[in-house]
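Have a look at the structure below before the remarks.
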There are 2 protein chains.
Amino acid sequence: MSANSRLTIAAHALAWIGLYQRQGHEVATSEQIATSANTNPVVIRRLLGELRRAGLVESRRGAGAGWSLARELGSITLLDVYEAVEPGPLFAMHRTTPDPGCVVGHGIQPAMRGIYQDIEETLRHELARITLEKVLEDVLAAPRLPL
Amino acid sequence: MSANSRLTIAAHALAWIGLYQRQGHEVATSEQIATSANTNPVVIRRLLGELRRAGLVESRRGAGAGWSLARELGSITLLDVYEAVEPGPLFAMHRTTPDPGCVVGHGIQPAMRGIYQDIEETLRHELARITLEKVLEDVLAAPRLPL
DNA sequence: GACCGTCGTAACGGTAATGGTTACGGCAGG
DNA sequence: CCTGCCGTAACCATTACCGTTACGACGGTC
């Protein structure tokens, strides 16, 4: 599967904003987050834009502009982030319609659809168990590199 | 996520071979399966080649060649198929190393790795619960189209 | 009202995965 | 020898993702 890093980067950004705000700052800029994630500010703005549409963050424009959390880290789950940044289903059906004259070709799509729905439901349940608060805790629990 | 249909097509092929063998045939050809799945025989041969490497099917060459199951459908799970055809992890880390001088940049990868491992473990557990026998049952349970 | 920093977004290009297609050598039974 | 199918390489089109540049819009500050 061509895995992508959208969920990872989005979680990174949220954790960064959350920690920054706890240090007393009002807003975080896409450039600051991009520096931490070692990527381009536009990539961050694009992702945060999707998170804003999902109601997870807010943005301020003009002077002193930047991003802030719309909810506490403890009330945001990885499922919220996943739904905001990952549009499609986990597994896809055939690109073209299977032969409806074949028993297998006719029944395979309803069969797999049901199976995939159950699996995705389980995945969503797992993602919903993990809050961004927990992610930040795990981040801060990482051992320091030895000098 | 750019979902792919590899698992779907592989399950389709296995169900087709299994049903064909129950109808008394020895081997199935990639062309027969490709017709049912409405795709190209080479696509089927590529996928079945990966399933063969995983010990799920066998192929015969020469005259009267084709594919047969190496195991009963009831002993093959979607996890077996998933592992055979889906190499990478579900979610990826950053493409470039995050800033190790930043607290979040330093701790995010260990944190997400642990979380993703748990999630993938759950996914694998779910996939392991579903046998290809069950898939074929679901396929055959699909209602006929009304004339 | 001008200035400045940042957002918002369009546009383009590189990279990689997927899958459709053609081609061709190799194998084995008739 | 002939034939049918596997096995695999090669190529191309499509798509997603991400990095990058560019530029207009906005809203505080001076």
Side-chain angles (χ1 to χ4, degrees), chain A residues 1-10 12-13 17 20 25-35 37-53 57-68 70 84-98, chain B residues 1-10 12-13 17 20 25-35 37-53 57-68 70 84-98:
Chain A
M1 169 158 312
S2 69
N4 62 45
S5 62
R6 297 167 68 81
L7 184 60
T8 303
I9 304 292
H12 185 145
I17 299 173
Y20 198 59
H25 301 91
E26 285 277 332
V27 295
T29 71
S30 61
E31 184 162 359
Q32 292 171 317
I33 302 168
T35 298
N38 194 12
T39 181
N40 192 289
V42 175
V43 175
I44 300 298
R45 290 206 290 269
R46 279 199 290 237
L47 275 173
L48 287 180
E50 298 179 44
L51 297 185
R52 176 166 39 108
R53 257 169 256 134
V57 299
E58 293 169 346
S59 65
R60 198 183 299 175
R61 305 185 64 167
W67 303 83
S68 54
V85 302
E86 301 279 0
L90 207 50
F91 301 112
M93 285 298 142
H94 309 62
R95 289 190 169 186
T96 59
T97 308
Chain B
M1 168 161 314
S2 70
N4 63 46
S5 62
R6 297 168 68 82
L7 184 60
T8 303
I9 303 293
H12 185 145
I17 298 172
Y20 197 58
H25 301 90
E26 286 277 333
V27 296
T29 71
S30 61
E31 184 162 0
Q32 292 171 317
I33 302 167
T35 299
N38 193 13
T39 181
N40 193 288
V42 176
V43 174
I44 300 298
R45 290 206 290 270
R46 279 199 290 235
L47 274 173
L48 287 179
E50 299 179 42
L51 298 185
R52 176 164 40 97
R53 257 169 256 134
V57 299
E58 291 167 347
S59 64
R60 198 183 299 177
R61 305 185 63 166
W67 303 83
S68 55
V85 303
E86 299 280 2
L90 206 52
F91 301 111
M93 285 297 142
H94 310 62
R95 289 190 168 185
T96 59
T97 309

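Residue numbering restarts at 1 for every chain, and letters A, B, ... go by the order of the sequence lines.
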Hey, what are the protein-to-nucleotides 9-11 of chain D N/O distances that come in under 3.5 Å?
unit_1: D/dA10; atom_1: N6; unit_2: B/Arg46; atom_2: NH1; d: 3.2

Report yes if at least one side-chain N or O of [X] is closer than 4.0 Å to OP1 or OP2 of [N]; otherwise report no.
{"X": "B/Ser30", "N": "D/dC6", "result": "yes"}
{"X": "A/Asn40", "N": "D/dT20", "result": "yes"}
{"X": "A/Thr39", "N": "D/dG19", "result": "yes"}
{"X": "A/Thr29", "N": "C/dC7", "result": "no"}
{"X": "B/Ser59", "N": "D/dG7", "result": "yes"}

The nucleotide from C/dC7, D/dG19, C/dG20 with an atom nearest the side chain of A/Val43 is D/dG19
Look at the side chain of B/Ala65 and decide which nucleotide, out of D/dC17, D/dG19, D/dC5, has an atom nearest to it.
-> D/dC5
Atom-pair distance ([atom1] on [X]; [atom2] on [N]), nearest Å:
{"X": "A/Glu58", "N": "C/dT6", "atom1": "CD", "atom2": "C1'", "result": "17 Å"}
{"X": "A/Leu48", "N": "D/dC18", "atom1": "CG", "atom2": "P", "result": "14 Å"}
{"X": "A/Asn4", "N": "D/dC17", "atom1": "CG", "atom2": "P", "result": "5 Å"}
{"X": "B/Ile33", "N": "C/dG20", "atom1": "CD1", "atom2": "C1'", "result": "17 Å"}
{"X": "A/Asn38", "N": "D/dT20", "atom1": "CG", "atom2": "P", "result": "9 Å"}
{"X": "B/Leu7", "N": "C/dG19", "atom1": "CG", "atom2": "P", "result": "11 Å"}
{"X": "B/Ile44", "N": "C/dT21", "atom1": "CD1", "atom2": "C1'", "result": "14 Å"}
{"X": "A/Trp67", "N": "C/dG5", "atom1": "CH2", "atom2": "C1'", "result": "15 Å"}

Measure distances between side-chain N and O atoms of B/Arg45 and base N and O atoms of D/dG7, and say whether any donor-acceptor pair falls under 3.5 Å.
-> yes
In Å and rounded to the nearest 0.5 Å, what is the [atom1] to [atom2] distance from [X] to [Y]?
{"X": "B/Arg46", "Y": "B/Asn40", "atom1": "CZ", "atom2": "CG", "result": "8.0 Å"}
{"X": "B/Arg60", "Y": "B/Glu26", "atom1": "CZ", "atom2": "CD", "result": "5.5 Å"}
{"X": "B/Gln32", "Y": "B/Ile44", "atom1": "CD", "atom2": "CD1", "result": "11.5 Å"}
{"X": "A/Leu47", "Y": "A/His12", "atom1": "CG", "atom2": "NE2", "result": "12.0 Å"}

Name the stems with DNA chain D in them: runs of three or more consecutive Watson-Crick or G-U pairs, distances under 3.5 Å?
-> C:1-30 with D:1-30
Check for a donor-acceptor pair, side chain of B/Thr8 on one end and backbone N or O of A/His94 on the other, with a separation under 3.5 Å.
-> no
Closest contact, heavy atoms only, [X] versus [Y]:
{"X": "A/Ala65", "Y": "A/Val27", "value": "O-CG2, 3.5 Å"}
{"X": "A/Glu86", "Y": "A/Asn4", "value": "OE2-OD1, 2.8 Å"}
{"X": "A/Ala10", "Y": "A/Val85", "value": "CB-CG1, 4.2 Å"}

Indicate, with a heavy-atom threshold strictly under 4.0 Å, whether B/Gly49 touches base, sugar-phosphate, or nothing.
-> nothing
Heavy atoms, side chains only, cut-off 4.5 Å: are A/Ile17 and A/Leu48 in contact?
-> yes
Polar pairs (N or O, both sides) under 3.5 Å between protein and nucleotides 27-29 of chain C?
unit_1: C/dC27; atom_1: O2; unit_2: B/Gly62; atom_2: N; d: 3.2
unit_1: C/dA28; atom_1: N3; unit_2: B/Ala63; atom_2: N; d: 3.2

Between A/Thr96 and B/Arg95, who's closer to the 5' end of DNA chain C by nearest nucleotide?
-> B/Arg95
